[in-house]
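Report on the structure given below.
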Amino acid sequence: MLKMSTLFLRTLRDDPADAEVASHRLLVRAGYVRRIAAGIYSWLPLGYITLRNVERVVREEMDKAGFQEVHFPALLPKEAYEETNRWEEYGQDLFRLQDRKGGDYLLGPTHEEMFTLMVKGEYSSYKDLPLSLYQIQTKYRDETRPRSGIIRGREFVMKDSYSFDLTDEGLAQSYANHRAAYIKTFDRLGMKYNIVSAVAGAMGGSSSEEFLAPCPTGEDTYVLCEKCGYAANVEAMVTTVAPSDPSAVGALEVLDTPSTPTIDSLVAVLNDRFGGGYTGAHTLKNVMLMADTKAISVLVPGDREVDLKRVGANLKGVSELRIFEAEDFAKHPGLVKGYIGPQGAQALGITVYADPRVAPGTSWVTGANVKDHHAINVVNGRDFTVDAYIEAAEVRQGDTCPTCQNPVVIDRAIEIGHIFQLGRKYAQALNLTVLDQNGKSQVVTMGSYGIGVSRAVAAIAEQTHDEIGLSWPMEIAPAKVHIVATGKEDLPFDTALEIAEGLESLGISVMLDDRRDASAGVKFKDAELIGIPVIVVVGKGLADGNVELRTRSTGEKIDIPAATAVESISALVTSLS
RNA sequence: CGGGGCGUAGCGUAGUGGCUAGCGCGCCUGCUUUGGGAGCAGGAGAUCGGGAGUUCGAAUCUCCCCGCCCCGACCA
């Protein structure tokens, strides 16, 4: 039983000045966490109980799914990470340190290497597979910009699992098992979430999905079709375009269009000359990018910007992507800034990528590759060649759903889980093989699955709080019932304690506000701020033999007889669970 | 890393060159009060983020450094 007279807790009347998002503000005000440094937090008793409750739910669901818990150190030698090249690749985000002998160590940002090596050390037969292992660990990433309190910290608690299979089909099954376990986990945690397609990324995994908790302060943007339920990370959103018939389009014509280096200026001149009817959507924007050391051109309709995140996510094997700079133009004298067209781009050694909207047969107004000149009736496939199609244009509210053609909405969310099929990258790099039925050595295929445990605490707070404070789902609240004793006589305090003991004997956790010196108002405010789902007030109602039962989330209040309070409270707890 | 804001007691803050750095919350003592962040009286608590400089005098002006928050870039 948590007794507020002795609980290590101090609530704050004012919002902390350095907290902006609700979860951060309220978790600090209600005495759950305290900031130690940017992105680094301490957990006070109430916060730590809540965090452990989330951990407990996650652990129970992983165990139920047949995954086995192990535990690695957070402090790791660099060797394994060198073999997979991540000592370098992870860059500045990796916390590195040295021991007294000058040996290089890191604080684990994720543990693919260690799991792979652990399995390699123990197993060597296909008969041992499939296998799924997990851990709940403190992870360290030296984020460029930690933010939003514990939503994006530099130290955070994560559940990471890894599956090991002989075949691709086996991996697909392990992936499905994890997906199902995640659904159960997040349902139990009382979260609203969407499962969205994500981009597998440069490592070539075939399937990847994110569990996103919708919330206005979330940092991930995703697309949702409210009609058919299609959901995708913005990077993974697919564009569908009806085919177009170019036969009616006249021949390419070059126009003298002085001083029109921007889409707007070009549209104005076109409308002036042809009597209107042109918009940015009729023009073709040619954005020049450097993909590592290669110059590429990306074609999008003139009314859309190129979304570099989408291009980067969909361009395989490119590590750095950036907009052309002055010196890049200097190296490509064939490109006339402001008047670039895709006609003949390949002859200049440029690879042409086009957004699906720039479909074969579509006709455009675009640069003529001559200063102050544009070309009209420029047809894809007739007047220029696209080397590859790639999702490149920004996604907008109202774009067409790829499965049902309904307009999609764009929403913000917090990423609380990510599952993906890793494939053989790590097993290959670290030489994790098993013998198959034929005695032949086979590289194992892996999946990797993560849940942000500490982040989930914040995400739940974001989704459930109201103007007056936190409001936890039953499963993770620091206690199920918060009993407030008011008045100056002993009776309410004695009665409250009796009820509390009665509940605890039924296995219902209780926080008892037994402070003699705090006024009723203070206790009520604290109870609302702390957010335990059931609040019981034992005070003046006792004169009529009653106590008051409140539901935190709805604000509903009813009087119940004190004599049968334990039963009534227990029933309410059950109904809210 | 680019842009913006900020740093004064545990928390929220006032104080643009001049007296002992002010106020509210919280904390301690006493009395009173006890169903919506009570009242009165007394009290403790601050090297004004750090360093250097200008000045008779610096929380206040100048320079350097550190830290924090927000937007963007970045984030297996």
Side-chain angles (χ1 to χ4, degrees), chain A residues 9-21 24-25 28-29 31 34-40 81 84-86 89-94 108-113 115 139 141-149 151-154 156 158 160 162 198-205 208 210 217 219-220 235 307-309 312-313 319-323 415 418-423 425-426 446-450 452 455 468-469 484-489 492-493 513 515-529 535 537-543 546-548 550 557 559:
Chain A
L9 169 72
R10 198 93 316 161
T11 58
L12 305 176
R13 193 180 292 230
D14 301 304
D15 282 336
D18 62 357
E20 200 103 333
V21 301
H24 188 197
R25 263 190 310 115
V28 171
R29 265 193 67 198
R34 291 288 181 259
R35 192 181 62 75
I36 295 297
I40 302 177
Y81 287 77
T84 55
N85 214 24
R86 287 213 288 187
E89 267 175 13
Y90 223 99
Q92 296 268 98
D93 280 10
L94 193 61
T110 173
H111 283 74
E112 279 83 0
E113 284 82 352
F115 275 84
K139 305 288 189 195
R141 295 182 195 176
D142 194 0
E143 298 279 350
T144 3
R145 181 151 96 80
R147 81 187 93 167
S148 309
I151 292 175
R152 176 168 297 276
R154 294 189 292 172
F156 56 98
M158 180 173 171
D160 49 330
Y162 305 85
V199 174
M203 50 186 56
S208 171
E210 288 172 0
T217 50
E219 37 174 17
D220 282 36
E235 284 93 319
D307 183 333
L308 278 182
K309 272 183 156 180
S319 58
E320 198 205 340
L321 195 64
R322 60 174 175 81
I323 298 272
E415 180 186 343
H418 194 168
I419 54 178
F420 73 104
Q421 303 189 11
L422 263 185
K425 172 181 166 148
Y426 290 92
M446 295 170 56
S448 130
Y449 318 89
R455 177 181 284 184
I468 55 176
V484 175
T486 67
K488 53 182 174 180
E489 308 302 326
F493 288 86
D513 195 342
R515 291 175 294 176
R516 290 287 188 140
D517 49 355
S519 70
V522 168
K523 293 178 181 180
F524 295 155
K525 293 285 185 198
D526 274 347
E528 285 148 0
L529 178 61
I535 298 168
V537 182
V538 182
K540 67 178 187 187
L542 277 182
N546 289 331
V547 299
E548 185 180 291
R550 302 180 181 181
K557 305 177 182 181
D559 281 330

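Lettering follows sequence order; numbering is per chain, from 1. Excluded from the calculations below are hydrogen atoms, water molecules and symmetry mates; all remaining heavy atoms, backbone and side chain alike, are included.
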For B/G15 versus B/C6, give the span between their P atoms, rounded off to a whole number of Å.
12 Å

Taking the six-membered ring of A/F493 as reference, does the NZ or CZ atom of A/R516 fall below 6.0 Å from its centre and within a 45° cone about the axis?
yes

Using a 4.0 Å heavy-atom cut-off across all strands, classify A/E113 as base, sugar-phosphate, or nothing.
nothing

Need one value for A/E219: base, sugar-phosphate or nothing, where a base atom within 4.0 Å counts as base even if backbone is also close, heavy atoms only.
nothing

Donor-acceptor pair, A/R147 side chain versus A/R152 backbone, under 3.5 Å?
no

In whole Å, what separates the C1' atom of B/G7 from that of B/A41?
35 Å

Earlier contact from the 5' end, RNA chain B, for A/A520 and A/D18
A/A520

Considering only side-chain heavy atoms of A/D14, which listed nucleotide, B/G35, B/C11, B/C68, is closest?
B/C11

With heavy-atom distances below 4.5 Å as the criterion, would you say the side chains of A/R35 and A/D18 are in contact?
yes

Separation between the P atoms of B/C28 and B/G10, rounded to whole Å
16 Å

Let me confirm one number: the CD-CD distance from A/E210 to A/E235, rounded to the nearest 0.5 Å.
7.5 Å

Can you find a pair of side-chain heavy atoms, one from A/R550 and one from A/V537, that are under 4.5 Å apart?
yes

With no angle test and no hydrogens, is the base of B/C75 tied to the side chain of A/R152 by a donor-acceptor pair under 3.5 Å?
yes

Salt bridge (charged side-chain N to carboxylate O under 4.0 Å, His left out) evaluation trace for A/R515 with A/D513:
CA-CA 6 Å; A/R515 291 175 294 176; A/D513 195 342; 2.9 Å; yes

Which part of the nucleic acid, if any, lies within reach of A/A19 when heavy atoms closer than 4.0 Å are counted: base, sugar-phosphate only, or nothing?
nothing

Would you mind classifying the nucleic acid contact of A/D517 as base, sugar-phosphate or nothing, using non-hydrogen atoms under 4.0 angstrom?
nothing

Could you verify whether a donor N or O on one side chain and an acceptor N or O on the other, from A/S148 and A/H24, lie under 3.5 Å apart?
no

From the list B/A38, B/A76, B/C68, which nucleotide is the closest neighbour of the side chain of A/R141?
B/A76

dist A/R25:CZ -> A/D14:CG (nearest 0.5 Å) comes out at 12.0 Å

How do A/I36 and A/E415 order along RNA chain B: which one's closest nucleotide is nearer the 5' end?
A/I36

Side-chain heavy atoms of A/R86 within contact of A/T110, under 4.5 Å
yes

Which of parallel (below 30°), tilted (30 to 60°) and perpendicular (above 60°) describes A/H111 and A/F115?
perpendicular

Side chain of A/F524 only, heavy atoms from C-beta on: which candidate in B/G12, B/G36, B/C68 is closest?
B/G36

Without decimals, in angstroms, what is the distance between A/F156 CZ and B/A76 C1'?
10 Å

Identify all pairs in which a protein N or O lies below 3.5 Å from an N or O of nucleotides 71-73 of chain B, and state each distance.
{"from": "B/C71", "atom 1": "OP2", "to": "A/R145", "atom 2": "NH1", "distance (Å)": "3.4"}
{"from": "B/C71", "atom 1": "OP2", "to": "A/R145", "atom 2": "NH2", "distance (Å)": "3.0"}
{"from": "B/C71", "atom 1": "N4", "to": "A/R145", "atom 2": "NE", "distance (Å)": "3.4"}

What is the distance, rounded to the nearest whole Å, between atom CD1 of A/I323 and atom P of B/C1?
22 Å

Taking donor-acceptor contacts at under 3.5 Å, does the side chain of A/R550 reach the base of B/G36?
yes

Using the P atom on both, measure B/C61 against B/C71 and round to a whole Å.
28 Å

Given B/A38, B/C11, B/G36, identify the nucleotide with an atom nearest to the side chain of A/L12.
B/C11

Between C1' of B/C25 and CG of A/L529, the distance in whole Å:
14 Å

Within this structure, what is the CD1-to-P distance between A/I419 and B/A76, rounded to whole angstrom?
16 Å

Can you find an N or O donor on one side and an acceptor on the other, under 3.5 Å apart, linking the side chain of A/R86 with the base of B/A76?
no

Rounding to a whole Å, what distance do you find between A/L9:CG and B/C11:P?
16 Å

Report the nucleotide, chosen from B/G12, B/G26, B/C70, that has the shortest atom-to-atom distance to any side-chain atom of A/R10.
B/G26

Given pairs defined as Watson-Crick or G-U wobble with both distances under 3.5 Å, what dot-bracket annotation applies to RNA chain B, with ( ) intrastrand, [ ] crossing, | other strand and . unpaired?
((((((((.[[[[.)..(...]]]].(((((.......))))).....[[[[[..)....]]]]])))))))....

Of the candidates B/G36, B/C70, B/A38, the side chain of A/E528 sits closest to B/G36

Would you mind telling me which of B/C75, B/G35, B/G12 lies closest to the side-chain atoms of A/P16?
B/G12

Calculate, to the nearest 0.5 Å, the distance between atoms CZ and CG belonging to A/R29 and A/L529 respectively.
5.0 Å

Classify the nucleic acid contact of A/G541 as base, sugar-phosphate or nothing, counting any heavy atom under 4.0 Å across all strands shown.
base

Tabulate protein N/O versus nucleotide N/O from nucleotides 39-41 of chain B, keeping only pairs under 3.5 Å, one per line.
none

P atoms of B/U29 and B/A44, separation to the nearest Å
15 Å

Could you give the CG-to-C1' distance, from A/N546 to B/G35, as a whole number of Å?
15 Å

Contact class for A/V484 vs. all strands (heavy atom < 4.0 Å): base, sugar-phosphate, or nothing?
nothing

Closer than 3.5 angstrom, by distance alone: can the side chain of A/R154 be matched with the main-chain N or O of A/I40 as a donor-acceptor pair?
no

What is the distance, rounded to the nearest whole Å, between atom CD of A/E489 and atom P of B/G35?
11 Å

Same-atom distance (C1') from B/A9 to B/C65, integer angstrom:
25 Å

Output the distance between atom NZ (A/K523) and atom OG1 (A/T486), rounded to the nearest 0.5 Å.
6.5 Å

Whole angstroms only, please: what is the CZ-C1' distance between A/R25 and B/C11?
15 Å

Is any side-chain heavy atom of A/V522 closer than 4.5 Å to one of A/T11?
no

